[in-house]
Amino acid sequence: TMSNEQSTISVSRVIDAPAGDIFHLLSNPERHHELDGSGMVVSDEKTDRIAKVGDVFTMNMNNSKMGDYKTDNHVTGFDHNKLLAWQTAVAGTEPAGWEWMWELASMGPDSTEVTLTYDWSKVTDKDVLKKVSFPMVSKEELEGSLNKLAAAVSGS
């Protein structure tokens with residue numbers, strides 16, 4: 001039997017850009033489609049910059065199972081230039097518990113270690129666990145997001 005122990009995937013890489021530049025990009029949902037290694041994020045529905053815990057930003061999504069849909073992303077972590085986290089819900093519903101977390105550790109004026117964590121440990125609803133096969137996004141796709149972030153920040 002497969003162990004259900006693992007409920008997070010984390011990937012890290014050093015990006016040659018200041019933490020402030022990376023945070024500026026991550027806190028702008030309008031840019032998120034550029035960072036998505038999974039290919040599901042289509043575009044931003046409203047373009048307010050993420051400013052604090054409790055903010056909600058809505059994204060237009062698409063995948064093979066659900067076609068076009070929207071997600072409401074509830075900001076659960078915010079520490080300027082250091083941390084940004086949110087829990088995703090299908091628009092109009094409460095988050096079921098999975099969370100995305102970006103952590104930035106400045107390693108100098110032009111170098112930042114970025115860690116992206118996908119955490120579904122807080123998902124407790126058995127129906128959700130049955131319906132959704134976690135992880136929905138692979139480690140390779142998360143690494144792809146870090147590579148896309150590196151490209152986006154150096155191009156901006």
Side-chain angles (χ1 to χ4, degrees), residues 1-15 17 21-51 53-78 83-104 112-156:
T1 56
M2 250 180 68
S3 153
N4 289 334
E5 289 303 295
Q6 193 200 1
S7 55
T8 66
I9 303 174
S10 263
V11 294
S12 293
R13 72 165 276 183
V14 174
I15 292 177
D21 289 6
I22 296 171
F23 192 86
H24 192 72
L25 196 158
L26 288 174
S27 60
N28 179 5
E30 212 173 11
R31 302 286 302 270
H32 285 190
H33 69 98
E34 296 172 49
L35 315 177
D36 172 34
S38 75
M40 291 189 284
V41 177
V42 178
S43 63
D44 170 50
E45 176 69 13
K46 64 175 180 50
T47 52
D48 299 340
R49 184 172 291 283
I50 300 165
V53 168
D55 282 356
V56 178
F57 61 96
T58 301
M59 302 299 289
N60 298 307
M61 308 286 290
N62 178 282
N63 68 30
S64 51
K65 261 192 192 155
M66 292 174 65
D68 291 324
Y69 63 104
K70 286 181 173 35
T71 56
D72 289 339
N73 299 278
H74 298 250
V75 178
T76 50
F78 186 95
L83 167 78
L84 204 49
W86 58 82
Q87 288 191 19
T88 298
V90 173
T93 69
E94 282 304 301
W98 63 91
E99 187 166 41
W100 301 94
M101 183 162 63
W102 296 86
E103 293 170 281
L104 311 181
T112 307
E113 185 182 35
V114 181
T115 303
L116 171 57
T117 302
Y118 170 51
D119 179 348
W120 61 99
S121 63
K122 299 183 187 88
V123 179
T124 52
D125 186 321
K126 288 186 174 50
D127 292 341
V128 172
L129 288 168
K130 252 188 237 141
K131 216 165 43 183
V132 179
S133 47
F134 289 100
M136 292 181 292
V137 177
S138 68
K139 185 170 187 179
E140 290 69 31
E141 289 172 330
L142 293 174
E143 283 167 352
S145 289
L146 287 180
N147 296 340
K148 285 171 175 272
L149 173 63
V153 78
S154 67
S156 60

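In this chain, numbering begins with 1 at the start of the sequence shown. Being a predicted model, the structure only gives us computed values, none of them experimental.
Annotation: salt bridge (charged side-chain N to carboxylate O under 4.0 Å, His left out) contacts involving residues 130-155, sequence neighbours excluded, are absent.
D48 pairs by the side-chain hydrogen bond (donor to acceptor under 3.5 Å, both in side chains) definition with nothing, not counting sequence neighbours. Taking N73 as the reference, T71, T88 meet the side-chain hydrogen bond (donor to acceptor under 3.5 Å, both in side chains) condition, with sequence neighbours excluded. The side-chain contact (heavy atoms from CB on, under 4.5 Å) test applied to E113 returns S12, V14, A105, M107, not counting sequence neighbours. With sequence neighbours left out, the salt bridge (charged side-chain N to carboxylate O under 4.0 Å, His left out) criterion links E99 to K122. Every residue meeting the salt bridge (charged side-chain N to carboxylate O under 4.0 Å, His left out) condition with D55, not counting sequence neighbours, appears here in chain and number order: K52. The side-chain hydrogen bond (donor to acceptor under 3.5 Å, both in side chains) test applied to K70 returns N60, not counting sequence neighbours. A search for ring pair (Phe, Tyr, Trp, His ring centres under 6.0 Å) contacts involving F78 returns F23, not counting sequence neighbours. By the side-chain hydrogen bond (donor to acceptor under 3.5 Å, both in side chains) test, N147 is found to be paired with R13, residues two or more places apart in sequence or in another chain being considered. Residues satisfying the ring pair (Phe, Tyr, Trp, His ring centres under 6.0 Å) criterion with H32, sequence neighbours excluded, are F57, W86. Residues passing the side-chain contact (heavy atoms from CB on, under 4.5 Å) test with D44 are P29, E30, T47, M59, sequence neighbours excluded.
The structure places CG of D119 at 10.0 Å from CD1 of I9, a figure rounded to the nearest 0.5 Å.
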Enumerate, atom names and distances included, each donor-acceptor pair closer than 3.5 Å involving a side-chain atom of residues 89-98, sequence neighbours excluded.
from	atom 1	to	atom 2	distance (Å)
T93	OG1	V90	O	2.6

